[in-house]
Amino acid sequence: MDCEVALTHLVLPALTWLHVTAVSHHPKGNDVLAVIPHVSRNAHGPQDTEPLRSLLINGGTGHTEIILSTVPDAADFDTRDPIALLGSALSARLTFAATGRDWVRGTNTVIFDALLAALPINSLSTIQITAMNQLKKEVWVRQAPRLSLLERVRLVPTAMETFREMLSEAEDVATNPPLLPSLTKLILDEDRLTTSRTDHLRDVLIKRVEQGVPIETLDLRTCKVTNRAFQLLAEIVVDVRGPASFDRKQTAFSYGPGEGDEGSEEVTEDEQEEWPWGESESVGPEDEYYSDDDQYDFDYF
């Protein structure tokens, strides 16, 4: 690839912004993998006054993209908004995108794995993964020690599977320090919490509490979640944020449409029983989970 030759000889001591777009012609992305070490070498340096704080992993079939920024919450936004996505790319320290029309299945994952291994991610506080390809559990486990400052993670359903597996299989804190010790906020995007998904998520949240590193905020605002599932999760997490429909049914748990919301009030159990259900496709008077038999595009729990 021509960009590999260019990056090999690239010496720019004042470089503070790098945007690389690569077109791959190898079915397994070997030409892209050859570029990654050179990209990583120029992703951050002594000329940078701020550390890398946020990482966005985006992509799909035949396309991979990562955006690294020095702004702590730069990766925490709705990537379906093209203006926000463009703004994030333009203000990032590093943007790397690769496409391959002839890539075989799994090439995206291999490239993402190589990028995480090569890039300086030790100072990250925010990660968002919107790519439809999963990162392997082994990759999460291998990179977790480098992510001790990670505070916030935002995941689509397909990315949540191996992330959950990594947290579920973490070693006993008595002999090993917990993985991602600074992680306090978990955001799930466009998920549907069926019975098994809720139970598995609840198990992970309980384990974090037992390890002394609890999740303090669970954001489910874009998810499909029943009142029963919401209450079960709110028994473990101090701040659970549900869909907007929950605003009409305040409970004794903490939740709201966003940070800094002052509209949530605690209601007694008697008042809660008298509160009208209202119309909502997310909750119902049966107060049960979604069935695992429900049709859904993603099935990770």
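Nothing here was measured: the structure is a model prediction, and the numbers come from that model. Just so it is clear, the values below take in all heavy atoms, side chains as well, and ignore hydrogens, waters and symmetry mates.
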*According to a 4.5 Å side-chain heavy-atom criterion applied to Ile, Leu, Val, Met, Phe, Trp and Tyr, with indirect links allowed, do L119 and L149 form part of one hydrophobic cluster?*
no

_Heavy-atom closest pair, residues R152 and I187_ = CD-CD1, 4.0 Å

*asked:* Using 0.5 Å steps for rounding, measure from the CZ atom of R101 to the NE2 atom of H63.
replied: 15.5 Å

_Path from F163 to L233 over hydrophobic side-chain contacts below 4.5 Å_ = yes

*Check step by step if side chain to side chain contact (heavy atoms under 4.5 Å, CB included) holds for L135 and I129.*
CA-CA 9 Å; L135 293 178; I129 301 180; 3.6 Å; yes

*What are the two closest heavy atoms between W103 and S24, and how far apart are they?*
NE1-OG, 3.0 Å

*Inter-residue atom distance N42.CG - L18.CG, 0.5 Å rounding*: 6.0 Å

*Check for a donor-acceptor pair, side chain of S40 on one end and backbone N or O of I36 on the other, with a separation under 3.5 Å.*
no

*asked:* Would you compute the distance between atom CG of L147 and atom CG of N122 and round it to the nearest 0.5 angstrom?
replied: 7.5 Å

*Ion pair present between D191 and K224, side-chain N to carboxylate O less than 4.0 angstrom?*
no

*Compare every heavy atom of H44 with every heavy atom of E50, then report the nearest pair and how far apart it is.*
O-NE2, 2.8 Å

_Contact between T184 and I215 at the side-chain level, heavy atoms closer than 4.5 Å - yes or no?_
no

_Under a 3.5 Å distance rule, please check whether S182 uses its side chain to pair with a backbone N or O of S148 as donor and acceptor._
yes

_Donor-acceptor check, side chain of R208 to backbone of V213, threshold 3.5 angstrom: yes or no?_
yes

*Does the distance from a Lys or Arg side-chain N to an Asp or Glu carboxylate O, for D199 and R197, drop under 4.0 Å?*
no

*Looking at OG1 of T162 and NZ of K137, how far apart are the two atoms once the value is rounded to the nearest 0.5 Å?*
9.5 Å

*asked:* Looking at L150, is its backbone amide N or carbonyl O close enough to the side chain of T126 to form a donor-acceptor pair, meaning the two atoms are under 3.5 Å apart?
replied: no

*asked:* Within the structure provided, determine whether E138 and V141 are in side-chain contact (heavy-atom separation under 4.5 Å).
replied: no

*Taking the side chain from T107 and the backbone from V104, do they hold a donor-acceptor pair closer than 3.5 Å?*
yes

*Output the distance between atom CG (L193) and atom SG (C223), rounded to the nearest 0.5 Å.*
5.5 Å

*Flag the pair R241 / L220 as yes when at least one side-chain heavy-atom distance between them is below 4.5 Å, and no otherwise.*
no

_Any side-chain donor near an acceptor of the partner, R228 and Q231, under 3.5 Å_ = no

*Going from CG on L116 to CD1 on I127, what distance comes out if it is rounded to the nearest 0.5 angstrom?*
7.0 Å

*Do M160 and L186 come close enough that some side-chain heavy atom pair is under 4.5 Å?*
yes

*Is V225 close to P243 at the side-chain level, that is, under 4.5 Å between some pair of heavy atoms?*
yes

*Is there a donor-acceptor pair under 3.5 Å between the side chain of S168 and the backbone N or O of V204?*
no

*asked:* Looking at every non-hydrogen atom in both residues, tell me the closest pair between G45 and R93 and how far apart they are.
replied: N-NH2, 4.4 Å

*With a 4.5 Å heavy-atom cut-off, do K136 and D113 have their side chains touching?*
yes

*Closest heavy-atom pair and its distance - I236, V209*: CG2-CG2, 3.9 Å

*Residues which pass salt bridge (charged side-chain N to carboxylate O under 4.0 Å, His left out) with R53, listed by chain and number, not counting sequence neighbours*: none

*Just jot down the ring-ring contact (aromatic ring centres under 6.0 Å, His included) partners of H26, sequence neighbours excluded, or say none.*
none

_Minimum side-chain heavy-atom gap I66-N58 below 4.5 Å_ = no

_Distance-minimising heavy-atom pair for L201 and L218_ = CD2-CD2, 4.2 Å

*Side-chain contact test, heavy atoms from C-beta onward, threshold under 4.5 Å: evaluate it for R164 versus H200 and give yes or no.*
yes

*Sub-3.5 Å donor-acceptor pair from the side chain of S54 to the main-chain atoms of V71, do we have one?*
yes

*By salt bridge (charged side-chain N to carboxylate O under 4.0 Å, His left out) - contacts of D203 (at least two apart)*: none

*Say whether N108 and T64, considering side chains only, have a donor N or O and an acceptor N or O under 3.5 Å apart.*
no

